[in-house]
2 protein chains.
Amino acid sequence: MSTLAMFHQVPGSHTAEATEGALCTNCHLKGICLPVDLKRQDVQRLDALKIDRRRVKERQHLYQPSDEVRAIFAVRRGTFKSGRRRQDETDHVTGFHLPGELLGLDGLAGHEHIGFATALDDAEVCAISHAQLTDLASGTPGLQRVIPRLLGREVVRQQELLALLRGKSVEERLAAFLVDISLRQQARGCSPTEIHLQMSRADLCSYLGMKLETVSRMFTLLQRRGLLVVDKRHVQIVDLEGLKLVIDPVRMH
Amino acid sequence: MSTLAMFHQVPGSHTAEATEGALCTNCHLKGICLPVDLKRQDVQRLDALKIDRRRVKERQHLYQPSDEVRAIFAVRRGTFKSGRRRQDETDHVTGFHLPGELLGLDGLAGHEHIGFATALDDAEVCAISHAQLTDLASGTPGLQRVIPRLLGREVVRQQELLALLRGKSVEERLAAFLVDISLRQQARGCSPTEIHLQMSRADLCSYLGMKLETVSRMFTLLQRRGLLVVDKRHVQIVDLEGLKLVIDPVRMH
DNA sequence: CGTAGAATTGACCGCGGTCAAGTCGCGTGG
DNA sequence: CCACGCGACTTGACCGCGGTCAATTCTACG
């Protein structure tokens, strides 16, 4: 039970990082980062984990393929792209990660990362080491389920993207992406209509499975229809409901 | 530590299911089902879990959307398809599961299944309940990592499919699928060249993100090239290396 | 200024979806 | 026994979406 001992200390008491105590309890992102039904006591126990903070500058990698897996990460500030490097050296983006979202869950499968995570702007992450994950697993019943939950969410997230790429036209895909970003911004208190895209068109087309020119064409198409106002990487959603209608067209056959 | 007590009993000793003792140790599928680096003692501890067996007949569901999540499953016999039901009532297949492979990991995200799993032929599964998963998490260090590992593998599996649908042509996708099945059959001691597809063309095209007619066309195309001999759902791979070359064409631009 | 990268726009065309007809195997019933 | 229907699969003709190639604009930066 020695691993549990650390849970019983008063948060922010006799540790060197006393000034950073109660990291999770005080974090404004905890509603996004953690499964919703976590009890307050459980969150307080998370504070006892001495979670490392790490800054990552724009265009720098948080991890790369074949890096040793040491931790999973939660974004505190900034935006990341994550994905996999194919054998032909081309990167395929499989996700964008806003503050409060997790990174590196695919690393849990083995000892080496098979993908990459890159900061799209100056960013900061919380790193939860493997040792700390083990502590979580040995913790109270409320905490034991945290890791499987988070990984389950990751699986679901991938399935959503899969469904997007399979059934939908390029226009529907871009609309779905914008609505998705809008909802995620809203979830963290940002405007659901004013979007500043941190990623390049190249990243976007890699993620959405289409060509750079097509992304461009679809932006202008949606703009022509009065759903968006696009100015480079700044996108203003004029008609959010109309955009949602684009995603699920009424197909009859 | 009470949850650990059951690990210390002798496998197959004083339990009602004595005749089924040492389920995992004696299972010929354990090399596929479990992470490879699991120690023999750890596998023996798994035997102490009273794992339920369950038969599922052809075309019957193992679980469906909105079913309560009670367990994850390992295929013992038969083949399953799994996927998600879209709001327009169409099913999208996201995976096929051969003996030794796991099912229902997406359910760990919440209390209700969001997808379905259906038997393609008469099948049998091992069901590992949530309570047993919790016991695993509290178990020895070797076992604590099992669940994150398996979920990590699931995430990776989805990423592979994602990459397949994104970058590849329909021809490359079908070739990749056949090579994948070939490798998985080989891993469980079956012939890597003689394949009997348990799934319909409709399931296949749903999985590969193309239309039924296109699947048919690609089968005949690969056959015309001398890579396959196709007879309904029986596929004989004539030139496995040639098939692998189809997957990764040398693109220069 | 000159150069490079990011983004947009246009012209062209091929892959793969759509529609339609045809084949094969199989169970059902007259 | 064949007729019939049904579902699974195949094959062919057509065409539209989106990829390819190329030119242009615009901003950033040295």
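Residue numbers begin at 1 in each chain, while the letters A, B, ... track the order of the sequences.
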Which residue lies more 5' along DNA chain D, comparing A/K232 with A/T214 via nearest heavy atoms: A/T214
Euclidean distance, atom [atom1] of residue [X] to atom [atom2] of [N] [Å, nearest integer]:
X	N	atom1	atom2	result
A/M218	C/dA7	CE	P	17 Å
A/L212	C/dA6	CG	P	9 Å
B/D231	D/dC9	CG	C1'	12 Å
A/L165	D/dG19	CG	P	11 Å
A/M210	D/dT20	CE	C1'	16 Å
A/L204	C/dA6	CG	P	14 Å
A/K211	C/dA6	NZ	C1'	17 Å
B/L228	D/dT10	CG	P	12 Å

A/R55, CZ: over 12 other non-hydrogen atoms inside 6.0 angstrom: no
A/R149 atom CZ: more than 12 heavy-atom contacts under 6.0 Å: yes
B/F96 and B/F177 aromatic ring geometry - parallel, tilted or perpendicular at 30°/60° bounds: perpendicular
Aromatic ring pairing A/F116/A/H61, orientation class (parallel under 30°, perpendicular over 60°, tilted between): perpendicular
Presence of B/T220 side-chain N/O under 4.0 Å of D/dT11 phosphate oxygens OP1/OP2: yes
Phosphate OP1/OP2 of C/dG5 contacted by A/R201 side-chain N/O (<4.0 Å): no
Comparing A/R233 and A/R224 on DNA chain C - which has the more 5′ nearest nucleotide: A/R233
Any N/O donor-acceptor pair, B/E213 side-chain to D/dC9 base, under 3.5 Å: no
Side-chain donor/acceptor of A/R217 to base of C/dG10, under 3.5 Å: yes
A/C190 and its side chain to side chain contact (heavy atoms under 4.5 Å, CB included) partner, picked from A/H196, A/Q185, A/R184: A/Q185
